[in-house]
Amino acid sequence: METILDSLGLTGELSGAGGGSWFDCRGEVLESVSPIDGKVIGKIRCAGRDDYERIASQAVEAFRVWRMVPAPKRGEIVRQIGNALRTRRAELGALVTLEMGKIKAEGEGEVQEMIDISDLAVGQSRMLYGLTMHSERPGHRMYEQWHPLGPIGVITTFNFPVAVWAWNAMLALVAGDPVIWKPSSKTPLSAIAVMKVAWQVLKENDVPEGLLGLVIGKHDEVGEALIRDRRIPLVSATGSVPMGRHVSQVVAERMGRTILELSGNNAVIVAPSADLDLAIRAILFAAVGTAGQRCTTTRRVIAHKALYETLRERLIMAYEQVRIGNPLEDGILMGPLIDRDAVTSMARALKEMESQGGRVLYGGEILTGGLFDSGTYVRPCICEVKPDMPLLQKETFAPILYLMPYETLEEAILYQNSVSQGLSSAIFTNDLREAEMFLSHMGSDCGIANVNMGTSGAEIGGAFGGEKETGGGREAGSDVWKNYMRRQTCTVNWSTELPLSQGIRFEV
Ligand code: NAD
């Protein structure tokens, strides 16, 4: 543990705010606690409103300079940030594991996502394309162009303590925008470590302070200051639905924009022709990976009645093989939940499920003994439920998998779409008609729809996000970069006449 923290310069009391160098914050001391053993791994002096104000002013100043740097040159600096992250991949990945509790491979995978989005953003910096249109007026040229938008606010969750920032920040940087990051108070060290790496690159390139700001503190203090700030034209917020509802209302009231990436409640349909080996491996990874704490975690399996019982028994057998323990150790597939509160909410959900007529088929216990005495380890759980149980509407951020049978594909799609969230979905089938129906207008209503692969583990090349209460936002690849820019339609008259559009005559 000490080696990881030492190698990233995370010892002693750390500052919770800065824009290229650290501020002398005066807020409360926040302790970062590792869910692995419940020990304090870092102390951070939190930012207050004054610190936020300083960061926001720096960002406004940095915007004036950065927007005038040609986009491919901005991309070059992002390339260097990506390379710097590459050289620190192992240490940063281990830190994510230490602070959040996901297994080592997933911690490093998260750092890899930062590297991948940096690479994507470098290419994008030369492809900020606008369209040209033919004007209806003779001697006129019409086109659209994309300008930098301004300082962007990025609010992130504990479960992806660094990748979500990078998905936003790398594109925002090539788009010409400074970024102010408010990370989750459950994972502040990961944010500090990443900032240190990125700031070093900015310093080497003589970029003014304030381009990448960090503000760690109470959400009702610095978070509120950020979302209410009229200087921030776009707030990207990742987290729970109640948080997103509040943030979107506050930002909309001042006519700002939001990208909302909120809760998921994802289902896998297993059709009669499914390759069960594939389906079981995919469900296991998507339901148990990150201890069920991904927004794309599979929470419901809707299996055709012809294979329901076989699938149920084979899933239980697969769950029995999952090694639970210290996520820093090789061979462990599931680490702890983020804290004891998460364990309590899992236990509460299981009770509620039973009171609504469901039953536990496997797991669900809170583990004890040795490392497990931290109170954060559970056995992943499989339950049998009825499709109309109110509990199924809720996302419990824990490894609980609900199984239910179906008879027709229409019925399965109805069950899958019956929840208020709409992030990720999948079908396992070898029947082309079923796959196409699932992907059609009458199929999955989610932002992500997969065939013969699980609901989690999206690649950065596509646009990531979901519908309904998931918030409608999109991050990462495809044309998502447009979110971080303002569109301008320009018409140039190179003739000596002044024709009006729609043939209107207006002459004296
Ligand atoms: P959370 O909503 O408790 O917190 C998320 C962030 O919002 C934190 O940084 C928190 O401090 C901040 N926040 C809360 N109130 C705020 C306010 N008034 N002003 C500004 N900031 C505020 O969520 P969590 O428990 O950290 O994360 C788990 C949730 O995130 C799950 O619902 C999960 O599905 C969701 N999630 C969604 C995605 C996605 O891409 N759709 C990705 C990861 C996680």
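Note that ligands are numbered from 1 as they come in the structure, with each ligand's atoms numbered from 1 the same way.
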**Study point:** Test of proximity, Lys186 against ligand 1: N or O pairs below 3.5 Å
**Key:**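 Min N/O separation from ligand 1 is not below 3.5 Å for Lys186.
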Check your understanding: Is there any N or O on Ser263 that sits under 3.5 Å from an N or O of ligand 1?
Key ->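 N/O-N/O distance under 3.5 Å: yes.
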Check your understanding: Nearest protein heavy atom to atom 4 (O) of ligand 1: under 4.0 Å?
Key ->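 Under the 4.0 Å cut-off, atom 4 (O) of ligand 1 has no protein heavy-atom neighbours at all.
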Which residue holds the protein heavy atom closest to [atom], what is that atom called, and what is the gap in Å?
atom	answer
atom 34 (O) of ligand 1	Glu395 OE2, 2.6 Å
atom 9 (O) of ligand 1	Thr156 O, 2.7 Å
atom 18 (N) of ligand 1	Glu224 OE2, 2.8 Å
atom 40 (O) of ligand 1	Phe464 CE2, 3.1 Å
atom 43 (C) of ligand 1	Asn159 OD1, 3.3 Å

Practice item. Would you tell me whether Glu99 and Ser190 have side-chain atoms, one donor and one acceptor, within less than 3.5 Å of each other? Key: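 Note: Glu99 and Ser190 side chains meet the donor-acceptor criterion.
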Check your understanding: Do Ser21 and Glu209 meet the criterion of a side-chain donor-acceptor pair at a distance under 3.5 Å?
Key ->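 Note: Ser21 and Glu209 side chains meet the donor-acceptor criterion.
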Practice item. Out of Gly223, Cys295, Ser240, indicate the one that has the non-hydrogen atom closest to atom 2 (O) of ligand 1. Key: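 Nearest option to atom 2 (O) of ligand 1, by heavy atoms: Ser240.
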Quick check on [X] - does any of its heavy atoms sit under 4.0 Å from an atom of ligand 1?
X	value
Phe160	no
Ser184	yes
Pro183	yes

Point to revise | Test side-chain contact (heavy atoms from CB on, under 4.5 Å) applied to Leu337 and Pro35, Ser345, Pro399, the passing residue | key: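 It is Pro399, the one option of Pro35, Ser345, Pro399 that forms the side-chain contact (heavy atoms from CB on, under 4.5 Å) with Leu337.
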Within the 4.0 Å heavy-atom shell around [X], which atoms of ligand 1 are there?
X	answer
Ile155	6 (C), 7 (O), 9 (O), 12 (C), 20 (C), 21 (N)
Lys182	9 (O), 10 (C), 11 (O), 12 (C), 21 (N)
Gly264	34 (O)

Review point. Would you find more than 12 non-hydrogen atoms of other residues, nucleotides or ligands less than 6.0 Å from Arg231 atom CZ?
Key: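 More than 12 within 6.0 Å, yes.
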Exercise for review: For the pair Asp119 and Arg86, find out whether any cationic side-chain nitrogen is under 4.0 Å from an anionic carboxylate oxygen.
Suggested key: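 Between Arg86 and Asp119 there is a salt bridge, with a charged N closer than 4.0 Å to a carboxylate O.
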